[in-house]
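Report on one structure; see the data block that follows.
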Amino acid sequence: MNKTAIGITITQHILSQQRQNPEATGAFTTLLSELIVAAKVISREVNKAGLVDILGGTGDVNVQNEKVQKLDLFANRVIVERMQHIGQLCCMGSEEVADLIEIPAQYPKGQYILVFDPLDGSSNIDVNVSIGTIFGIYKRTNTDPQAEVMLDEVLQPGIRQVAAGYFIYGSSTLMVYTTGGGTGVHGFTLYPSVGEFLLSHENIMIPERGKIYSVNEGNYQYWDKKTKKIVEYFKGSENSLCRPYTARYVGSLVADFHRNLLKGGIFMYPADLKDPKKPTGKLRLMVEANPLAMVVGEAGGYASDGHGPILKIKPSELHQRVPLYIGSRKDVEIAEGLISGEK
Ligand code: FDP
C-alpha cells in the first residue's frame with residue numbers, strides 16, 4: 001500500500017481524473033458523486049443497524065431465492081431513488097431486482113448503465129461483520145438517447161466497464177474504485193466528522209503472489225477433483241511458498257476481496273454440486289465478479305472463472321452466476337493451470 005495522502009476528497013480526485021480526459025463532459029463525475037451520496041446514506045443506516053428495528057429478514061426471498069434482509073431492500077431503494085433522477089443513466093441492474101430497472105419517464109436519460117449489488121454479504125448484517133456495495137458502470141452501445149434500452153446493451157463483457165468499485169461498511173467505511181486504463185485503483189475512507197471520503201489508499205497494487213487463500217471449505221464434498229486439488233495445493237506444502245497458505249474467509253465477498261487486495265492472496269468461489277440448479281457457483285458475473293475483476297486487474301492482479309479471464313465472458317443473462325478465482329495474479333494462474341491440467 002502506498003503512502004497516505006490525507007486531505008484529498010473523492011470529489012477532488014474524480015474531478016482531477018476528469019480534467020485529464022479532454023472528452024469528459026462531467027456526466028460521469030455527476031454519476032459517481034451521486035452514488036457516493038447513496039453510499040453515505042447506506043453507511044449511516046448500517047452503522048445504526050443494531051439500534052433500530054431494521055435488523056433481520058423481511059420474510060421474502062429475492063430473485064436468487066435467498067432470504068431478503070431489510071437492509072438489502074433499504075440499500076437497493078436508496079441507490080435506485082438517488083440514481084434515477086440524475087439524467088446520466090439509461091437503466092440499472094440490481095442484484096435484488098429480477099429485471100432491468102428503467103428510468104421513470106419524468107426524468108432525463110443518459111448514456112450510462114449502472115449495475116450493482118446494493119448490500120453484498122447480507123447474511124452477515126445481523127452479526128456486525130463487514131458488508132458492502134459493489135458497482136460496475138458501462139456505456140450503452142446505442143448512441144441514440146431516445147432509443148429504448150435493449151437487454152443486450154446491458155449484457156456486455158466486463159472488459160467494457162468504464163468504472164467499477166465497491167464500498168465497505170466495516171470498522172470504517174471505505175470506497176475503492178478505478179476508471180481503468182492505467183488510472184489505478186484508489187481507496188478513500190469516510191471521515192464521519194466531515195462527512196467526506198478522503199484519499200487513504202493511493203494507487204493500490206496487489207502483490208504478485210500472496211500468502212492467503214479464501215474459500216468456503218464447508219463445500220468440499222460438493223467439489224469436483226480439480227477443485228479439491230486447487231485447495232489442497234494452497235493448504236499443502238508443495239506449493240510456491242513450500243508451506244501452507246493462511247486460510248481467511250469472512251463470507252462477505254467485499255471484505256474477503258479487500259483484505260486480499262491489500263495483502264495478496266486468492267479468493268475462490270468455485271462451481272459446486274450443492275445446488276443442482278446452480279452448477280456454476282454462487283457469485284454473480286455482472287454485479288459481483290466483473291466489478292471486482294476490473295479493480296483487481298487494474299491493481300496488477302487477475303480474475304478467472306478457472307478457464308479464462310472473467311472480464312472476457314459475454315453474459316447471457318443479468319443474474320448469471322460464475323465460478324470465481326480472484327486475487328494475486330500468480331496464485332490465480334496456478335488455479336487456472338490446475339483446472340486446465342497444465343500444472
Ligand atoms: P451473502 O450470501 O451473505 O450475500 O454473494 C453473496 C455472498 O454473501 C458473498 O458476499 C460471499 O462471499 C458469499 O455469498 C458467501 O457464501 P457462502 O456462505 O456460501 O460461503
Side-chain angles (χ1 to χ4, degrees), residues 42 46 49 55-58 60-76 79 93-98 115-136 158 164-170 174 176 212-223 227 230-231 247-261 265-293 295-296 303 305 310 315 317-327 332:
I42 297 169
V46 168
L55 285 182
T58 60
D60 295 328
V61 289
N62 67 9
V63 287
Q64 316 284 347
N65 213 23
E66 296 159 340
K67 286 183 194 156
V68 173
Q69 307 284 321
K70 288 180 205 168
L71 267 179
D72 290 29
L73 289 185
F74 174 83
N76 188 64
I79 296 176
S94 164
E95 196 240 329
E96 293 298 336
V97 182
V115 292
F116 59 95
D117 182 350
L119 216 50
D120 179 69
S122 51
S123 58
N124 283 317
I125 294 174
D126 288 2
V127 291
N128 244 8
V129 169
S130 300
I131 47 183
T133 298
I134 307 177
F135 65 91
Y166 54 88
F167 297 87
I168 298 191
Y169 314 109
L174 207 86
V176 174
I212 293 174
Y213 79 103
S214 313
V215 68
N216 183 347
E217 276 195 77
N219 291 332
Y220 191 86
Q221 65 167 305
Y222 304 112
W223 292 334
T227 307
I230 294 171
V231 175
R248 289 281 184 277
Y249 188 75
V250 171
S252 203
L253 176 62
V254 180
D256 279 311
F257 174 82
H258 183 69
R259 180 203 53 241
N260 291 5
L261 180 70
I266 180 168
F267 173 94
M268 304 172 257
Y269 208 111
D272 62 53
L273 301 170
K274 193 162 46 171
D275 181 350
K277 281 187 284 183
K278 301 176 195 164
T280 50
K282 178 179 182 187
L283 302 179
R284 296 78 168 174
L285 174 61
M286 293 212 66
V287 297
E288 295 179 308
N290 271 337
L292 300 185
V295 170
V296 86
D305 67 348
I310 286 283
E317 51 172 312
L318 189 57
H319 295 285
Q320 183 173 336
R321 292 174 192 266
V322 73
L324 180 63
Y325 300 85
I326 189 166
V332 177

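Both backbone and side-chain heavy atoms feed into the values below; hydrogens, waters and symmetry mates do not. For this chain, numbers begin at 1 and follow the sequence in order. For ligands, and for the atoms within them, numbers begin at 1 and follow the listed sequence.
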- Could a heavy atom of E95 be found less than 4.0 Å from some atom of ligand 1? no

- Query: Should D256 be counted as touching ligand 1, given the test is an N or O pair under 3.5 Å?
  - Reply: no

- Query: Who are the ring pair (Phe, Tyr, Trp, His ring centres under 6.0 Å) partners of F116, not counting sequence neighbours?
  - Reply: none

- Near S122, which atoms of ligand 1 are under 4.0 Å from a heavy atom of that residue? 1 (P), 3 (O), 4 (O)

- Min N/O separation N219 to ligand 1 under 3.5 Å: no

- Query: Can you find a non-hydrogen atom of D120 under 4.0 Å from ligand 1?
  - Reply: yes

- Message: With rounding to the nearest 0.5 angstrom, report the CG to OH distance, D120 to Y169.
- Response: 10.5 Å

- Counting N and O atoms only, with roles assigned by atom type, does the side chain of R284 sit under 3.5 Å from a partner on the main chain of D117, one being a donor and the other an acceptor? no

- Task: Out of E288, R284, K282, K274, indicate the one that has the non-hydrogen atom closest to atom 2 (O) of ligand 1.
- Result: K282

- Note on the structure: Per-atom filter on ligand 1: closer than 4.0 angstrom to a heavy atom of L283 are 5 (O)

- Can you list the ligand 1 atoms lying under 4.0 Å from a non-hydrogen atom of Y249? 15 (C), 16 (O), 17 (P), 20 (O)

- Message: Using a 4.0 Å heavy-atom cut-off, which part of D117 comes near ligand 1: side chain, backbone, both, or neither?
- Response: neither

- Query: Hey, what do you get for CG (N290) to CZ (F135), rounding to the nearest 0.5 Å?
  - Reply: 13.5 Å

- Note on the structure: Contacts of Y249 meeting ring pair (Phe, Tyr, Trp, His ring centres under 6.0 Å) (sequence neighbours excluded), chain-then-number -> none

- Message: Nearest 0.5 Å, please: how far is CD1 in I42 from CG in L119?
- Response: 7.0 Å

- Task: Output yes when the distance from some N or O of ligand 1 to some N or O of G121 is under 3.5 Å, and no in every other case.
- Result: yes

- Interfacing atoms of ligand 1 (cut-off 4.0 Å, heavy-atom, N216): 17 (P), 19 (O), 20 (O)

- Message: Under 4.0 Å from a heavy atom of S123: which atoms of ligand 1 are those, numbered in the order shown and with their elements?
- Response: 1 (P), 3 (O)

- Query: Among side-chain atoms of D256 and S214, is any donor-acceptor pair under 3.5 angstrom?
  - Reply: no

- Message: Would the distance check show the side chain of H319 and the main-chain N or O of A98 forming a donor-acceptor pair, the cut-off being under 3.5 Å?
- Response: yes

- Query: ligand 1 and L253, any nitrogen or oxygen pair closer than 3.5 angstrom?
  - Reply: yes

- Message: Using only atom types and a distance under 3.5 Å, with no angle test, would you say the side chain of T133 pairs donor to acceptor with the backbone of P118?
- Response: yes

- Item | Which segment of S252 sits under 4.0 Å of ligand 1 when only heavy atoms are counted | backbone

